[in-house]
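Structure record follows, encoded as structure tokens.
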Amino acid sequence: RSLGNGNQLTFNWWMNSSYNPALRTIYNDRAQSNTSSFIWIRYAGKYIYFQYTNGESYQTINMFNIYDTGNTDKWIMLTITVDFDSRIIKGYLNGSHYVTLPQEFNMLKPNTLTTKFIGTYQGRLHTNAYTYFGYLDEFAIWNRVLSPDEISQLYNNGIGKSYPFK
């Protein structure tokens, strides 16, 4: 499935942060090399990382410290918005803005959803290599940046809401 012609994406999901894994994949779009476009959202220890390529090398960004806010043993909602043209990445925790991270490097946007993986790195479930062990729910990708109001609607005061918009 196409991610559209625009140069924006939003990733949104719920996870239970009670499990403290080593490096584990939340989302991966099967990078072949650092010159191919790819995105890898991963969980390591207490951090959520966002990794992408600029066409020459991998760039890894520490997005969230989910234990800083007392979110252990609870369901939390995480949102990452990416504007590839302006090179701005934003993170939202439980519907509220958490961090804005301007990038100095170019960002290559993946253009298809043909080889995307949730909870596993490049489909390697049988090896447990980077496989996420824990709870994920309501994972979604939009081909635009959701507004802060839309992200707040998804959080719905901690109750959650199943995608009231496209």
Side-chain angles (χ1 to χ4, degrees), residues 1-17 24-31 36-44 46-55 58-119 132 134-166:
R1 177 166 230 214
S2 172
L3 289 175
N5 295 326
N7 276 332
Q8 299 178 335
L9 291 173
T10 297
F11 299 87
N12 187 83
W13 71 96
W14 287 81
M15 67 183 280
N16 188 307
S17 59
R24 300 297 181 196
T25 298
I26 293 170
Y27 170 84
N28 173 253
D29 67 3
R30 196 177 183 114
S36 302
S37 60
F38 83 99
I39 293 172
W40 185 15
I41 301 172
R42 57 196 179 131
Y43 179 34
K46 59 186 178 180
Y47 299 104
I48 301 291
Y49 295 94
F50 182 87
Q51 188 173 40
Y52 68 93
T53 182
N54 65 5
Y58 299 120
Q59 305 300 318
T60 303
I61 304 154
N62 181 345
M63 292 293 300
F64 302 98
N65 177 345
I66 59 175
Y67 290 100
D68 267 356
T69 55
N71 288 305
T72 57
D73 263 341
K74 296 179 184 174
W75 279 95
I76 58 173
M77 188 184 88
L78 297 165
T79 307
I80 297 174
T81 66
V82 185
D83 187 320
F84 290 87
D85 289 332
S86 66
R87 299 191 306 233
I88 300 289
I89 301 172
K90 292 183 180 181
Y92 295 80
L93 174 64
N94 291 334
S96 296
H97 181 259
Y98 184 83
V99 67
T100 296
L101 300 164
Q103 299 301 297
E104 62 181 282
F105 302 103
N106 287 330
M107 299 174 68
L108 298 181
K109 176 188 177 255
N111 57 8
T112 66
L113 280 173
T114 55
T115 54
K116 310 305 182 210
F117 301 97
I118 298 170
Y132 180 81
Y135 298 102
L136 295 174
D137 196 19
E138 298 287 333
F139 188 93
I141 304 170
W142 285 265
N143 62 358
R144 64 185 181 87
V145 168
L146 295 184
S147 72
D149 285 343
E150 289 172 318
I151 293 167
S152 181
Q153 283 178 37
L154 288 174
Y155 183 63
N156 195 20
N157 293 317
I159 299 169
K161 198 166 196 174
S162 294
Y163 314 121
F165 41 82
K166 292 184 177 191

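One distance of note links CZ of Arg87 with CG of Asp83; it measures 11.0 Å at 0.5 Å rounding. Between Ile48 atom CD1 and Leu93 atom CG the span is 9.5 Å, to the nearest 0.5 Å.
Under the rule for a ring-ring contact (aromatic ring centres under 6.0 Å, His included), Phe50 has no partner lying at least two apart in sequence or in another chain. Under the side-chain contact (heavy atoms from CB on, under 4.5 Å) criterion, Thr60 pairs with Arg42, Tyr49, Gln51, sequence neighbours left out. Take Thr10 and apply the side-chain contact (heavy atoms from CB on, under 4.5 Å) test, not counting sequence neighbours, and it matches Thr79, Thr81, Trp142, Val145, Leu146.
Nearest heavy-atom pair, Met77 versus Ile151, reported as atom, atom and distance to 0.1 Å: CE-O, 3.5 Å. Looking at every heavy atom in both residues, Phe84 comes nearest to Leu9 through CE1-CD1, 3.8 Å. Summarising the geometry of Phe11 relative to Val82, their closest heavy-atom pair is CE1-CG2, 4.5 Å, with the distance given to 0.1 Å. Counting all heavy atoms, side chain and backbone alike, Phe64 lies closest to Gly91 at CZ-CA, 3.6 Å.
Asn7 contributes no side-chain N or O that, together with a main-chain N or O of Asp85, makes up a donor-acceptor pair within less than 3.5 Å. Put simply, the side chain of Gln103 gets close to the backbone of Leu101: a donor and an acceptor are under 3.5 Å apart.
Here the side chains of Lys90 and Ile80 are not in contact, with every heavy-atom distance at 4.5 Å or above. With contacts defined as side-chain heavy-atom distances shorter than 4.5 Å, the pair Pro148/Tyr92 qualifies.
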### Message
side chain to side chain contact (heavy atoms under 4.5 Å, CB included), that's the test. Do Trp14 and Trp75 meet it? Break it down for me.
### Response
CA-CA 7 Å; Trp14 287 81; Trp75 279 95; 3.9 Å; yes

### Task
Show the numbers, then the answer: is there a side chain to side chain contact (heavy atoms under 4.5 Å, CB included) between Leu78 and Asn12?
CA-CA 6 Å; Leu78 297 165; Asn12 187 83; over 6 Å; no

### Task
Please assess Trp13 against Tyr135 for the test ring pair (Phe, Tyr, Trp, His ring centres under 6.0 Å), listing each intermediate value before the final yes or no.
CA-CA 10 Å; Trp13 71 96; Tyr135 298 102; over 10 Å; no

